[in-house]
Each structure stands twice: as structure tokens, then as C-alpha cells.
Protein chains: 2
Amino acid sequence: MINPLVMFLARRDDLSADEIAAIETLTLNHQEIKAGGAMIRQGDRPHSSILILEGFAARAHYLADGKRMISALHIPGDYVDLHSLLLDQMDHDVTAVTDCRIALTGHPEVRRVTERMPHLARLLWLSTTIDAAMHRAWIVALGRMSPLSHMAHFLCEMYVRLNVVGHTSDYNFRLPITQIDLADMLGLSVVHVNRTLQDLRATGYVTWAGASVSIKDWNALREVAQFDPVYLNLQKHPR
Amino acid sequence: MINPLVMFLARRDDLSADEIAAIETLTLNHQEIKAGGAMIRQGDRPHSSILILEGFAARAHYLADGKRMISALHIPGDYVDLHSLLLDQMDHDVTAVTDCRIALTGHPEVRRVTERMPHLARLLWLSTTIDAAMHRAWIVALGRMSPLSHMAHFLCEMYVRLNVVGHTSDYNFRLPITQIDLADMLGLSVVHVNRTLQDLRATGYVTWAGASVSIKDWNALREVAQFDPVYLNLQKHPR
DNA sequence: CGCTTTATTGACCCGAATCAAGTAGAGTGG
DNA sequence: CCACTCTACTTGATTCGGGTCAATAAAGCG
């Protein structure tokens, strides 16, 4: 089983043997989290960073009236809170959407590696800037796309990201999230998510039953979503 | 005139004299951009990074049907595309909302400084993670807040950010953006922005005439906006 | 002082929320 | 093995927030 962070980074730039070894060392301390459990809570001041090895996790923000918004969905290979190395205090929760296996790394250790290996440091920095780029794509979709396009965009993004870490085969992948979660990612009501999902299925471009997604017509889906993967920085070159 | 990036960073951590000098050296090459002009265009592969010294700039994304969405508003002290150091290609425009003075720094030079000064490198990294945190706050507001709360939140954020770089006096500041820009930041129509703005004025918590904003009741505005500045990482401590 | 851009207002309409019920599975325990 | 429960999913009816269209007023500004 290859470390998904290695896959994530190696897709974007060549990694030296030393760098791969450093990543392996950073991600030795494993832990299991049950679905629904919290990895990080609002108000925490983490002293270690969390990498997802298996499973899905969501960044959840709660408003005063109990409304929830999910600002990101994280998958294997994502450093969920690398930035906690730099930030004061978490302003939101990160919760396991499915059972997860994670790797914990103490901040001092992360810092030591980044100071010793500037190129690897840049790649970790890169991973946080890709997070920011995904946030921007979500902002655009929330602000100016129809629910149908937004949902299609979400599926395109998930397909590409899961593909990078080896979690797709052909155009099939597992996406074990509820319509409730999806509603809180798209900023819609559950009812409307359900109806939009039916519209999307009706196009025939994609099937989604239970946790199994299958993209039947990638180009058509891309078209609906106006999806351009540039923001995911999939080009491999020296960084 | 103090370098606004120094103000931005010095608010979050102590800077050594060497670090301040390095920042000054990085930001020597000034340039003027007229309102409406492009700093960066979608598709560009920048080989230098842009810091805003004076003025406002917006990250603008255009959809196929001509709709525009603004994913971020940048102010003096913001490194608008520090991340272009790491990314392939810009997937959006950055345009001057007002006349701007910017500083350009070649990527090799930025890289050299980050490799030589790991602490300063971390602070620059921090600035990009604060961008990401602001993106998340916008996602939450777009997805789950009422237009009135969203607008109030936007004003709270702008006040705090402008305050950090010395562009406020008491609760007054200049915010020279049109309702058209605002609509594209809030994901609303111009008409509705106009009406929401009237509702906000009607509360009496804030006045906004032309480019002049004045917050009359900060606590009440914060309340409406459910604004908690934690995500802006204003605490000063070693990073 | 025209000309263009921005701000404002009103009428109308539609997309998505809300409310309310009902269905379907997946566990769980007797 | 079946009743019970809990959660997720689905559907219909109704409401309402916000979009669209259209016209006018008010600034800027060359």
C-alpha cells in the first residue's frame, strides 16, 4: 500500500528517495477514527497535523441557528490540517464522514523536516495552496452556478482527486456520503439536493447508487459542470 | 510609509531586522495599475509574484455564460499570487478594482529568500493559509447565511483586515467598490444587493455612502454577521 | 455639458426552501 | 426470523426569497 501523500505529491513533481523516506517517517503514527467522530474540534489548538490515509473527512462549520456548512471534503492523501502548524486556533470542526485511518505528526517534527528539506517544504506548501484553489472553485460554484452544474462540478472534482490517489477504476469510484452531507456542501436543502440528483441521473451522464458513482459520459459531465482541472495543478514539473 | 506586508506579518509574529530588510528588498520593484486593469490573466504562467502596496484588487472568475464571480478581495499587504510560485497556471484573473500600486518579485528571488530564511518562509506560507481561511469563511457565508448577514460579515472582515494594515481610523474606512462588484462577491444580483444594502443601512449599525464606510455599532454588526475573527489569525506569537 | 456607468425602484416570476408524509433499508434485539 | 427503530431517501403542496426585466435617477467624467 503506497502512502497516498506520496501519490498526491509525486503526481505534481518528482520526489527523491530521501523525500519519500521523510514522508514515510512523518506518517508512521496511525490511528483509527469511526464515522461521525471528530478529528479536530473548533477551538482546538492542535500540536500535531493529520493526514488521511483511508476514508473521507469533512470540514464542518456550524452557525448559531444550528445550520451546518461543509467547506471541504477530504480524501486519502490530504493533509487535513497541515496549516495548523501555522495557525492559532481551529475555527471549525473536521469530522470523519466514514471510518478513517489517519496519520498524526507532531508539529516540531513537521517543522524540522521543512527546515531540512526546502523542496519538500515547498511541496507541502503546494498542497495547502491546492486546498485554497479548491476553495475558490467551490466559491464560484456556490455563487454563480446552477445546482445541477454545481453537483456535476463536485463529481468531476472528486473523480480527478480520487484518481490521483488511485481510488478510481475506469470512471467508477466510491463516494460514501449522504445527501445530507451533499446538501451542506452545495449550500442547498436536502430536498432540493434529492431533486437535483434525479435531474443529474436523468441526463444519463452519471449513475450514483448508494456509495458507488460511475461516470458514463465524462465529456458531457465536464461540459455541464464547466469543469477545468487546471486549479488542481496536475502538471508534473519542478516546483 | 511602512511596507504593508511588514504590518500584515508583524501583527502575527515578531519580525527580525533581517527579515524586515529581506521583505523591503523583495518589494522594491514598483508598478502602477489603473482601475480595471489586469494584474494577472487566466492562463498566465507568472514568473513573478505580486504584492499590493496601495489599492484594491479582485480575483475574478468568468463562466461560459459571461457570469462573473469574485472569490477574494485583496487589499494592501496582500500577496496576491505568492502561490503562483508553486502553481502551474492561473485559472482566474486578478484585476485592479481601484488604481493600484504593486510590487513585483521574481520567483527565483522569492525562492532564494524562503530557502535562506525558514522563519520568514513560514510567515509567507502563513499568509497563504490565511487566504484559505478567508475562502472558507466566504464559502460558509455563501452557502448558509442570509444576504444581510453575509454583507455584514463582509464588512466586518474588511474592517479587521484594513485595520491591520492601518487603513482605518476609528470605525471608518474607505471601501471603493461598486454594488456590481459586491454582487459578484456575494453571489447575488445587483438589484438584490442594492435592497440588502438598504436593509443594512436601516439597522443603523453602519453607514456606507460612496466609498466611505462607517461602522456605528460594531457589536451589533458582529452579531448580525456572526463574525468571529479567529480565522484571520490575529494573535501574535512565534510561528 | 453630453455620455457612460452606477444606483435605485417597481412589477412580475421562478427556483429553491419549507412543511409534511410516506417509503425504504440497515441494524438491533427479542 | 420478525417486529422495532433509526436514518436516509423520496414525493407532493405551498410559500417566499431573490432573480429578471424594465425604467428612471444620479453620479462621475472626458
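Numbered from 1 within each chain, the chains take letters A, B, ... in sequence-line order.
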OP1 or OP2 of dT8(C) under 4.0 Å from side-chain N/O of Gln198(B): no
Can you measure Asn194(B) atom CG to dG10(C) atom P for me and round it to whole angstrom units? 11 Å
Might you confirm whether atom CZ of Arg41(B) has over 12 heavy atoms from other residues, nucleotides or ligands at distances under 6.0 Å? no
Under 4.0 Å protein heavy-atom contact, by nucleotide of nucleotides 15-20 of chain C - B base, S sugar-phosphate only: -SSBB-
In terms of the angle between their ring planes, are Tyr171(A) and Tyr159(A) parallel, tilted or perpendicular, with boundaries placed at 30° and 60°? tilted
Between P of dT8(C) and CD1 of Ile180(B), the distance in whole Å: 12 Å
What heavy-atom pair brings Ser127(B) and Leu82(B) nearest, and what distance separates the two atoms? OG-CD2, 4.0 Å
Evaluation steps, side chain to side chain contact (heavy atoms under 4.5 Å, CB included), between Ser71(B) and Trp138(B): CA-CA 8 Å; Ser71(B) 62; Trp138(B) 282 36; 5.7 Å; no
One would report the end-axis bend of the helix from dC1(C)-dG30(D) to dG30(C)-dC1(D), five pairs per end and rounded to 10 degrees, as 40°
Show me the donor-acceptor pairs, under 3.5 Å and distance only, between side chains in residues 94-104 of chain B and residues at least two apart or in other chains.
residue	atom	partner	partner atom	Å
Thr98(B)	OG1	Phe56(B)	N	3.0
Asp99(B)	OD1	Ala35(B)	N	2.8
Arg101(B)	NH1	His30(B)	ND1	3.2

Hits for salt bridge (Lys or Arg N to Asp or Glu O under 4.0 Å) against Asp181(B), two or more places apart or cross-chain, chain-then-number order -> Arg68(B)
Starting at CG of Leu197(B) and ending at C1' of dT6(C), how long is that distance when rounded to a whole Å? 13 Å
Is the shortest heavy-atom distance from the side chain of Met185(A) to the side chain of Leu73(A) under 4.5 Å? yes
Note: chain A reaches DNA chain D at heavy-atom distances under 4.0 Å over the stretch, first to last nt, 5' to 3', of dA8(D) to dA13(D)
Under 3.5 Å, side-chain donor or acceptor atoms of residues 214-226 of chain A against the rest of the protein: list the pairs with distances, not counting sequence neighbours.
residue	atom	partner	partner atom	Å
Ser214(A)	OG	Asn172(A)	OD1	2.6
Ser214(A)	OG	Lys216(A)	NZ	3.1
Asp217(A)	OD1	Asn219(A)	N	3.4
Asp217(A)	OD1	Ala220(A)	N	3.1
Gln226(A)	OE1	Ala64(B)	N	2.8

Just by distance, with hydrogens left out, do His74(A) and Arg59(A) show a side-chain donor and acceptor under 3.5 Å apart? yes
Is any side-chain N of the basic residue among Asp184(B) and Arg144(A) closer than 4.0 Å to the acidic one's carboxylate O? yes
